Amino acid sequence: MDYLLINGGPRLRGTIEVNGAKNAALPIMAASILCESETVLHGVPDLADVRHLSLLLSKLGVNVRRDDRGDLHLQVEDEMNSHAEYELVRKMRASICVMGPLLAKRKSARIAMPGGCAIGDRPINLHVEGMQSLGAEVDLVGGDMHLRAKRLTGTEMFLGGPFGSTVLGTANVTMAACLAEGSTAIESAACEPEIVDLAEFLNKCGARIQGHGTPRITIDGVSRLSGCEHTVIPDRIEASTFIIAAAITNGEVRLRNCRLEHMLAVVDRLRQIGVNIEKENDEVVVSSARRLDPVDVTTQPFPGFPTDLQAQITALLCLADGNSTVTEKIFPDRFLHVAELNRMGARLRKEGPTVIVEGVKRLIGAPVMASDLRASAALVLAGLIAKGQTRVNRVYHIDRGYEAIERKLALLGADIQRLSE
Ligand code: EPU
């Protein structure tokens, strides 16, 4: 099993290119099931999650191929199978985003229930209720949700849950409604940039979607979709993680392919902390004051502060000059990094869905691990500045969402290596 060995200290300097967004690429790849000709995607990162979905799509009859330039080609070759099996779904919860396309195009979707998840309970009731509103019949068969509909019919629905909107639920219903008869309106739709990117992709394929980026999306059904060529938006979570890496090492880093308009809540909190973030031509330039100020952070659906950066900003706030609070409003149990950061000398105290962060002068290297992608990224960030050596175990979690994170950090001057046991 691979691990990362980090000697903390070096200030990061240099320029890196941000990848295309994992969470935009995954539903767009699934949407290829709807398309009657080839789809070509630019900027899809080479990540474990992308390889995983490629495998699932190939089992569902989609030919997925990456060419020499790194573009991903997807073309449906066989529509016989519409069963996403447990063996694949349990390894990646985002596999659920094949539900809408399978149901709309093949009239049947049998999807294994994803089961437990390290970041907490992750129900799929809103996905299923959305499909039922469009006319699907649903049975639970051997741990699988079996959805069937001879035809889907557009309708008006409320898709909000106890924690607000659902990103992949909105993606699933939007994809299914593209081929429904008549118009669908989704109220309390997710407004995330990844949903906007999916809708723009679908519109290029011939769909008629409006209102994406607002809480009310409307979709006029069409009879068929073709494939298209599309460039996936930059990954705002990867970009923000590198901004925090620059800030935590008191470095100066330039980011290419970074869209600050997708990151305004993050930029706001980081500026309050004392991080300088400026746009210069096509690049974003990051530097930070030596003294970091404490702040309060609350995660929320977009345009609020993203849950996918909660762990990383906590790592930064460990070194602030005073007390901060970090409150998780999307996944109230997403705190796998807290005990591990404390092993590195942080002073974090969890009270319900809030972590109280007492700033310390320094973190100290240690062997650590976390069973979640973003929590593991937070440990890497802490390792970059910790005194001595940090060993981050179970790197496969990081590989799910960051392409070669150690190579990018090393390019910026970090002392980091990937080793195998
Ligand atoms: N929820 C329900 N019922 C549902 C679906 C969701 O109650 O049917 C609740 C969830 O339990 C949660 C809230 O709604 O409290 C929001 O969950 P959401 O459905 O939006 O999450 P998701 O779509 O499954 C995506 C990202 C996650 C990211 C969340 C929140 C992808 C592939 N995944 O998940 O990304 O944390 O939105 O922004 O897009 C990550 O990249 O590390 C990651 C976990």
Side-chain angles (χ1 to χ4, degrees), residues 19-31 44-45 47-50 52-53 56 89 91-100 111 113-133 138 145 157-175 186 188-198 215 232-233 235-238 240-241 262 265-266 299-312 328-334 336-337 353 370-378 397-403:
N19 276 336
K22 164 179 89 79
N23 290 348
L26 295 175
I28 292 174
M29 287 170 67
V44 177
L47 300 170
D49 275 11
V50 166
H52 193 86
L53 184 61
L56 172 58
V89 176
K91 291 192 189 136
M92 188 183 72
R93 198 189 169 281
S95 308
I96 188 83
C97 63
V98 299
M99 179 193 279
I111 316 283
M113 297 275 282
C117 172
I119 66 177
D121 192 21
R122 296 181 73 183
I124 59 164
N125 58 310
L126 297 171
H127 299 242
V128 174
E129 285 164 24
M131 299 305 157
Q132 282 173 318
S133 301
V138 183
M145 280 288 173
M157 69 176 84
F158 176 77
L159 207 62
F163 299 95
S165 54
T166 160
V167 178
L168 288 178
T170 302
N172 254 329
V173 174
T174 302
M175 290 188 280
I186 307 173
S188 194
C191 302
E192 269 68 5
E194 292 75 18
I195 292 294
V196 176
D197 203 30
L198 170 68
V232 173
I233 53 167
D235 195 318
R236 61 195 168 103
I237 307 300
E238 190 201 27
S240 306
T241 303
H262 292 166
V266 179
T299 67
Q300 283 169 331
F302 190 84
F305 190 93
T307 171
D308 291 345
L309 277 173
Q310 182 255 111
Q312 299 91 316
E328 176 56 64
K329 287 267 177 87
I330 312 287
F331 298 114
D333 297 323
R334 194 178 198 175
L336 291 155
H337 47 288
S371 333
D372 163 46
L373 158 60
R374 309 300 174 186
S376 305
H397 289 295
I398 301 183
D399 294 338
R400 290 189 42 213
Y402 295 89
E403 185 180 323

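Whatever order the structure lists ligands and atoms in, that order sets their numbers, starting from 1. What you are looking at is a predicted structure, and each value in this text was computed from that prediction instead of being measured. Counting begins at 1 with the first residue of the sequence.
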Asker: Determine, using heavy atoms of His397 and all atoms of ligand 1, whether some pair is separated by less than 4.0 Å.
Answerer: no
Asker: Mind checking what makes side chain to side chain donor-acceptor pair (under 3.5 Å) contact with Gln310, not counting sequence neighbours?
Answerer: Glu328, His337
Asker: Dump the intermediate steps for side-chain contact (heavy atoms from CB on, under 4.5 Å) on His262 and Ile233, then the final yes or no.
Answerer: CA-CA 10 Å; His262 292 166; Ile233 53 167; 4.2 Å; yes
Asker: Which heavy atom in Ser133 sits nearest to a heavy atom in Met157, and how many Å separate them?
Answerer: CB-CE, 3.8 Å
Asker: Which of the atoms of ligand 1 are close to Lys22, meaning less than 4.0 Å from one of its heavy atoms?
Answerer: 40 (C), 41 (O)
Asker: Around atom 36 (O) of ligand 1, find the nearest protein heavy atom and jot down its residue, atom name and distance.
Answerer: Asp308 OD1, 2.6 Å
Asker: Say you draw a straight line from OH of Tyr402 to OG of Ser376; how long is it, rounded to the nearest 0.5 Å?
Answerer: 9.5 Å
Asker: Around atom 19 (O) of ligand 1, find the nearest protein heavy atom and jot down its residue, atom name and distance.
Answerer: Thr166 OG1, 2.6 Å
Asker: Which residue owns the protein heavy atom closest to atom 42 (O) of ligand 1, what's the atom, and how far is it?
Answerer: Arg374 NE, 2.9 Å
Asker: Is Arg334 salt-bridged to Asp308, cutoff N-O under 4.0 Å?
Answerer: yes
Asker: Would you check whether Leu168 has a nitrogen or oxygen atom less than 3.5 angstrom from a nitrogen or oxygen atom of ligand 1?
Answerer: yes
Asker: CG/Leu56 to CD1/Ile111 distance, rounded to the nearest 0.5 angstrom?
Answerer: 8.0 Å
Asker: If you count the atoms of ligand 1 from 1 in the order shown, which ones are under 4.0 Å from a heavy atom of Leu373?
Answerer: 42 (O)
Asker: If you round to the nearest 0.5 Å, how far is NE2 of His127 from CG of Leu168?
Answerer: 5.5 Å
Asker: For atom 9 (C) of ligand 1, what is the nearest protein heavy atom, given as residue, atom name and distance?
Answerer: Phe163 CD1, 4.4 Å
Asker: Considering both backbone and side-chain atoms of Val167, is one of its nitrogen or oxygen atoms within less than 3.5 Å of a nitrogen or oxygen in ligand 1?
Answerer: yes
Asker: Can you list the ligand 1 atoms lying under 4.0 Å from a non-hydrogen atom of Arg122?
Answerer: 22 (P), 24 (O), 34 (O)
Asker: Give me the nearest non-hydrogen protein atom to atom 21 (O) of ligand 1 as residue plus atom name, then the distance to 0.1 Å.
Answerer: Phe331 CZ, 3.9 Å
Asker: Which one holds for Leu126 and ligand 1: side chain close, backbone close, both close, or neither close, with close meaning a heavy atom under 4.0 Å?
Answerer: both
Asker: Measuring from atom CG of Leu159 to atom OG of Ser165, what distance do you get when rounded to the nearest 0.5 angstrom?
Answerer: 8.5 Å
Asker: Taking atom 14 (O) of ligand 1 as the point of reference, which of Gly401, Ser165, Pro301, Pro162 owns the nearest heavy atom?
Answerer: Ser165
Asker: Mark up the atoms of ligand 1 that fall under 4.0 Å of a heavy atom belonging to His127, in ascending order.
Answerer: 8 (O)
Asker: Can you find a pair of side-chain heavy atoms, one from Glu194 and one from Pro27, that are under 4.5 Å apart?
Answerer: no
Asker: Rounded to the nearest 0.5 Å, what's the gap from OG1 on Thr241 to CG on Asp235? Could you check?
Answerer: 8.0 Å
Asker: With heavy-atom distances below 4.5 Å as the criterion, would you say the side chains of Asn23 and Val167 are in contact?
Answerer: no
Asker: Taking 4.0 angstrom as the limit and counting only heavy atoms of Arg93, give me the atoms of ligand 1 inside it, by number and element.
Answerer: 24 (O)
Asker: Step by step, work out the side-chain contact (heavy atoms from CB on, under 4.5 Å) result for Met145 and Ile124.
Answerer: CA-CA 10 Å; Met145 280 288 173; Ile124 59 164; 4.2 Å; yes
Asker: Taking only heavy atoms of Thr307 into account, list the atoms of ligand 1 that are under 4.0 Å away from them.
Answerer: 30 (C), 36 (O), 38 (O)
Asker: Just to confirm my output: which protein heavy-atom neighbour is closest to atom 3 (N) of ligand 1, and how far is it?
Answerer: Asn125 OD1, 2.7 Å
Asker: Counting from 1, what ligand 1 atoms have a heavy atom of Ala94 closer than 4.0 Å?
Answerer: 32 (C)
Asker: What do we get for Ile330 next to ligand 1 when only non-hydrogen atoms under 4.0 Å count, side chain, backbone, both or neither?
Answerer: both
Asker: Give the residue and atom name of whichever protein heavy atom lies nearest to atom 44 (C) of ligand 1, and the separation in Å to one decimal.
Answerer: Arg334 NH2, 3.4 Å
Asker: Is Lys22 salt-bridged to Glu238, going by a charged N under 4.0 Å from an acidic O?
Answerer: no
Asker: Looking only at protein heavy atoms, which one is nearest to atom 32 (C) of ligand 1, and what is the separation?
Answerer: Asn23 OD1, 3.3 Å
Asker: Quick test of your reading of the structure: of Gly161, Pro306, Pro123, whose heavy atom lies closest to atom 1 (N) of ligand 1?
Answerer: Pro123
